[in-house]
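This report concerns only the one structure given below.
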Amino acid sequence: MFGWVVTFLIVALIAGVLGFGGIAGASIEIAKAIFFIAIILFLISAVVGLVRGRTRA
């Protein structure tokens with residue numbers, strides 16, 4: 001998922017350098033959204049892993 005973030009950031013940088021401000025802005029927003037979704041999914045996964053990893057003796 002972080003590969004998508006890097007891809008959109010590269011697209012935004014190239015678009016910004018070439019003067020396509022609208023495309024650059026949209027790419028940055030998409031990259032930020034995917035990044036935060038990835039962080040949230042990671043945290044949920046970590047919590048679920050901790051909860052399921054505990055065994056009752």
Side-chain angles (χ1 to χ4, degrees):
M1 192 169 278
F2 286 111
W4 283 100
V5 172
V6 172
T7 302
F8 278 107
L9 285 176
I10 291 171
V11 168
L13 288 173
I14 292 171
V17 167
L18 295 177
F20 298 105
I23 295 172
S27 294
I28 287 291
E29 293 300 320
I30 292 170
K32 284 195 307 189
I34 293 173
F35 176 76
F36 287 120
I37 290 170
I39 294 295
I40 290 169
L41 289 176
F42 169 74
L43 292 174
I44 291 171
S45 171
V47 169
V48 169
L50 286 173
V51 169
R52 293 188 76 185
R54 296 182 184 163
T55 57
R56 297 181 182 177

Under a side-chain separation threshold of 4.5 Å, the hydrophobic residues clustered together with I10 are V6, I14, L18, F20, I23

Quick note, salt bridge (charged side-chain N to carboxylate O under 4.0 Å, His left out) partners involving residues 4-33, not counting sequence neighbours, are E29-K32

Do the side chains of L13 and V17 join up, straight or via other hydrophobic residues, at under 4.5 Å, putting them in one cluster?
no

Quick one: closest heavy-atom pair of A31 and F8, and the distance?
CB-CB, 3.8 Å

Partners meeting side chain to side chain contact (heavy atoms under 4.5 Å, CB included) with F35 (sequence neighbours left out)
F2, V5, I39

In short, salt bridge (charged side-chain N to carboxylate O under 4.0 Å, His left out) pairs touching residues 6-15 with sequence neighbours left out are none

Can you name the side chain to side chain contact (heavy atoms under 4.5 Å, CB included) partners of I44, sequence neighbours left out?
I40, V48

Is there a path from W4 to I37 through hydrophobic residues (I, L, V, M, F, W, Y) whose side chains come within less than 4.5 Å of each other?
yes

On a heavy-atom basis, the closest approach of A24 and A15 is N-CB, 3.9 Å

Name all pairs fulfilling the salt bridge (charged side-chain N to carboxylate O under 4.0 Å, His left out) condition that reach into residues 9-23, sequence neighbours left out, sorted by first residue then second.
none

For the pair T7 (side chain) and G3 (backbone), establish whether a donor and an acceptor sit closer than 3.5 Å, ignoring hydrogens and angles.
yes

